[in-house]
Every structure is written in C-alpha cells, then in structure tokens.
Amino acid sequence: MVDAPVDPITTAAWADLRALADGFTPDLRGWFAADPERATDLTRTAGDLHVDLSRNLVDADVLAALLALAEQVGLERHRDDMFAARRINVTEDRAVLHTALRLPPGSRLELDGTDVVPEVQEVLTRFLAFADDVREGRWRGVTGAAITTVVNIGIGGSDLGPVMAYEALKPFVREGLECRFISNLDPTDAAEKLSGLDPATTLFIVSSKTFGTLETLTNARLCRSWLLDAFRDAGVIEAGADRDAVARHFVAVSTALDKVADFGIDPANAFGFWDWVGGRSSVDSAIGLSLAIAIGPDGFREFLGGFHTMDEHFRTAPIEQNVPVLMGLLNVWYANFLGAQTHAVLPYAQSLHRFPAYLQQLTMESNGKGVRWDGSPVSTSTGEVFWGEPGTNGQHAFYQLIHQGTRLIPADFIAFATPAHPLRDGDQDVHQLFLANFLAQTQALAFGKTVDEVRAEGTPESIVPARVFTGNRPTTSIMAPALTPRVLGQLIALYEHITFTQGAIWGVDSFDQWGVELGKQLAVQIVPALGDDTDLAAHQDPATRALIAYYRKHRSS
Ligand SMILES: O=P(O)(O)OC[C@H]1O[C@](O)(CO)[C@@H](O)[C@@H]1O
C-alpha cells in the first residue's frame, strides 16, 4: 500500500509560503543588483541541460520554504516508491515504471518478485531489429518494394510522443524515409495523410495501448480498406489474398496483443508493452517504433540514454540541486500562491513545434485532478494550463499579454547553441539573430522598462504609461548544446519529473485519466441519433437535442 497523501495545506511550509506570498513584492532588478551572483547561484545542470532559474520570482526565503514543503509532503519518499515499482497509480492499482524502459541492459528492477528488465530489453531488441529491417529494405511490402513511408495510427500518448519526437529530430531522419501521423477521428486527417501515398511502399503502425480506442481502430480500418482497395484496383492482390497484404503492410504496438490478432495483424508483427507504462509516457516504449525507424536503432538508444540520464538526476540529486524538483516547486509557487493559471513553454527551435502540445497531455492529463489518491478532495488548485508556440512566432502573437497584460504567466524558454540548419543571410548568421530574440525576450520580461527609461527616450507623456514594462515576469531558460536524440530524451524526462513533483505535492494520482471516460461513453450513445431520424425526446439533454436537430437539417445527405 502507498502511504496516504499528506494534505499540503496542513504543513508548516505551506503556512510559511502563505505568509511569504502575502504582500510579496517581486523585484528582479533589485535582487540582481543586490546579489551579482544570483544568475550563477540559481543555475543548475542536469545532464546536458543548463537551466537558469534566476529570473523566477523567488528569494532565498521562498526557495527554502518550497524545499521544506517538498520534504513535509514526502516528495522523495513518493519518488522512491515510483522507482521501486510500488503501485503508486492507486486508482488503477498499477506500478508506474516508464523509467524501466530506459534502464541500461543488465540493470535489475523487480515488480512483484519478477525482474522486468529482461522483458523490456527483449521487446526493445525486437522492435529495433524490425526498425532496422525496414530502414535497410529487408522488410518489403507485398509487391516486393521497400518501405519509404511509415504511417503511425494512434492518438494521445500513442501519437503525440512519436510525432513530436519525429518533428524534433528531423535532421536525424534517414533520407528517403518519411513518417506521417494519423490521429484525429475527423476523416479529414486520414484523407489528407493518405493523399499521394503509394500503398506498395507504405507501412502502417497501429499504435494503441488498449487497442480499443475508437479513433485509432476507425482510422486503422480506413487505412486497411484504402490499402486493400488500391491493391485490388491495381491487380496486385487476388480476392482472398488480403491477409498477406495486411501482414506485409500493418504492424501493431499494444499491451493487448489478443485484440491485435482480431484486427487481422499477425501477432508476429506486433510489439508489446506493459500496463505500468502510461500512454503519455510511452514514446520510449515500442510506441516509439515510427521514430525508431526514422532515426535508426542507434539514435533510439541514444534517445533512451537521455531519458535515463535525467531519471538518475531526479532519483539521486539533492533536492536543492534537483532541476525537476525545483521547476515543479516553482510551478506550485506560481499556481498556488501567486495566482498563475497557465504556464507557457516557448521553444526557440522550430523543430520543437509540437513540444507544447505533447506537454499538454503529459501535464494536464496527469495533474488535472480534483481528488487525491486516497479519494479525498484536493485542498488547493491543481494542474495549470500548459500552452506555447515556438519563438519567434509567438512574439508576434501572444507575447504582448505576457509582457504587459494583467495575468501572471510563468514561461519556460528552451534554446540550443547549435541550430539544426546553420543558414546565413549575407553576413548574418540567422541562428544568432534567432538566439538574440530569445535572450532579449527573457531580459525584457524580467527587467522591463521603467517610466524614467521610457521618458528618457523622448516619449510623449500621454503614451508613457502604454510603453512601460513592469518586468518581474518569471521565466526559466533551458539551454543545451544542440537538439539531439539524447537531449530530447532529457527534455521529455525533465517534464515527466516536473509533472510528478507537482502531482506529489498536491497528492493526486498523476497516472490515471478517468476524466476522459464520460465523453467517450456519451459519444457511443449519441452515434445512433446521428445516423437516423429517430425520436430524440427519450434521451439527451435539450441542448444536445437542439444541436442534433441542427445537424439533421444541414447535413449534406
Ligand atoms: O493508446 P490508446 O489505448 O489507444 O489510448 C490513447 C490515449 O487515450 C487516453 O487513454 C485518454 O485520452 C490517453 O491516456 C492515451 O494516451
């Protein structure tokens, strides 16, 4: 049994933080002036990540109280429980062992008396060998052609991780190989992603932990029909030879291998994983198969190595040096004491354009909870809204509100010293221009521009107020040498453990997601009403009835 969660608001540290927050006046200009070492003292290293926390709205007292809070709620004990395979996913009675997926071969981790590492390594070896076969043209389609396009069909964690990582690591993708990702139930997604594909050179990966997800199974059937129709039309397969075509063009990744067989995929072409891997932390399992095909087995092992580096940092670094712990505690400070409701993640790397979307599932599915893991209601707000866009696009869209709006929006900036594409505009290194914007934005957010500074520029008095920047807008700057598979693994694991830290402080089960179930059940009940004109009076609420009536009136057929 996992210990009952400590209600954070009953701790002495919470009372201290309340007192500190009362009348708290952030003063980044003053703090930096008074302490020339602030930047150095509040910068931490985790693996290849250089993390500058100095422009957060904390002084030594707040930091000390946050660290005390971590101790008083038993954060480290809870973390150790996770690494030790205790069933901390209480509502699903499961261990939480995504960290086992990235343990080096030869490690040992027992779950109910069985070492899980050999099994993890066996599946890893098998799916990486398959990835290599596809890359090297040893795996061929039913016509004998090599595979050039891989289509991952999945949703949520079975999509967001692979697509985000594929986009992030495009420079490492083997030339001549392309991955596409179908996730949405909107048929537009499948139609657009299938467009222009040659079935003879296309491999579909049906990725679903449960193999019961409506979107994924529907899209998988659409793709299977598309493939078989195309082969039949081209005379490639005879009637009755569907099985061979499906076997050469469909593989699956799932924990439910029996259902894979029911779909018609040869279990020999299926890769398993385990119920102790949450969907939102499964990109490092066989769910990452499309990525493994794209960047190759060595790249994928490097990716896993990056995760493991961050796991070890989280597991062993003292909490005052522990980057995920510190970033998680800062988020708690902003969310519970300074009133922040959202958190921006702003990568200064176009390749990370899907990273904020990935983090939305990771953070919001994990910590968007109103009860603790013992069923008692939470006593604080939980789970900020994570959002973001890559710089510099965001600068020309929503940064205005972050700089001068009335809301507190803590932001993480992520930048790399070496770009994916080192282009020049004449004499100008474009990446330097780009990085200058990252540095300028974080500086402006922290230190702003005073009335005196605005006046000194000769600004007409009437518009001085509009041109003042208050500053004290908190940011964390994360830098790394370059966006490699190893660094991406570290970044993902960093946010996994930040999310864990916040969940542990709040006492919620960060590993279930019951909140997505009700809508799924209702959709099943509503489907028949869209397909025919039966009387709606007996069921559905009046608003739903009215919308269905609108649909019936306006549908095209
Ligand atoms: O991999 P599956 O089982 O198809 O589930 C997809 C997604 O659906 C959810 O269960 C709920 O949205 C996610 O947690 C999961 O990643």
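For ligands, and for the atoms within them, numbers begin at 1 and follow the listed sequence. Predicted model, so just to flag it, every value in this text is computed and none were measured. Below, all heavy atoms of this structure are taken into account, side chains as well, without hydrogens, waters or symmetry copies.
Both tests hold for Arg248 against Trp139: distance to the six-membered ring centre under 6.0 Å, angle to the ring axis within 45°. Under the 6.0 Å distance and 45° angle rule, Arg224 counts as a cation-pi partner of Phe263.
Of the polar atoms of Thr216, none of the N or O atoms is found under 3.5 Å from an N or O of ligand 1, judged by distance alone. The shortest N/O to N/O separation between Thr213 and ligand 1 falls below 3.5 Å. Residue Gly156 has no N or O atom closer than 3.5 Å to an N or O atom of ligand 1.
Checked by atom type, the side-chain pair Asn336/Ser381 shows a donor-acceptor distance below 3.5 Å.
Taking the six-membered ring for Trp and the full ring otherwise, His98 and Phe307 have centroids separated by 6.0 Å or more. Centroid-to-centroid, the aromatic rings of Phe416 and Tyr348 stay 6.0 Å apart or farther.
Of the protein's non-hydrogen atoms, Thr210 OG1, 2.6 Å is the one closest to atom 3 (O) of ligand 1. Scanning the protein heavy atoms around atom 7 (C) of ligand 1, the nearest turns out to be Ile155 O, 3.7 Å. The protein heavy atom nearest to atom 8 (O) of ligand 1 is Lys520 NZ, 4.6 Å.
Distances below 4.0 Å separate heavy atoms of Gly157 from the following atoms of ligand 1: 15 (C), 16 (O).
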**Request:** Quick one: do Leu488 and Phe303 satisfy side chain to side chain contact (heavy atoms under 4.5 Å, CB included)? Show the steps, please.
**Result:** CA-CA 7 Å; Leu488 183 64; Phe303 181 57; 3.8 Å; yes

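The aromatic rings of Phe314 and His497 lie parallel to each other, their planes meeting at an angle below 30°, with 60° marking the opposite boundary.
With Lys209, Gln513, Arg280, Glu365 as candidates, the residue nearest to atom 13 (C) of ligand 1 on a non-hydrogen basis is Glu365.
Under a 4.0 Å heavy-atom criterion, Gln361 is in contact with ligand 1.
With a 4.0 Å cut-off on non-hydrogen atoms, Val516 touches ligand 1 through its side chain and not its backbone.
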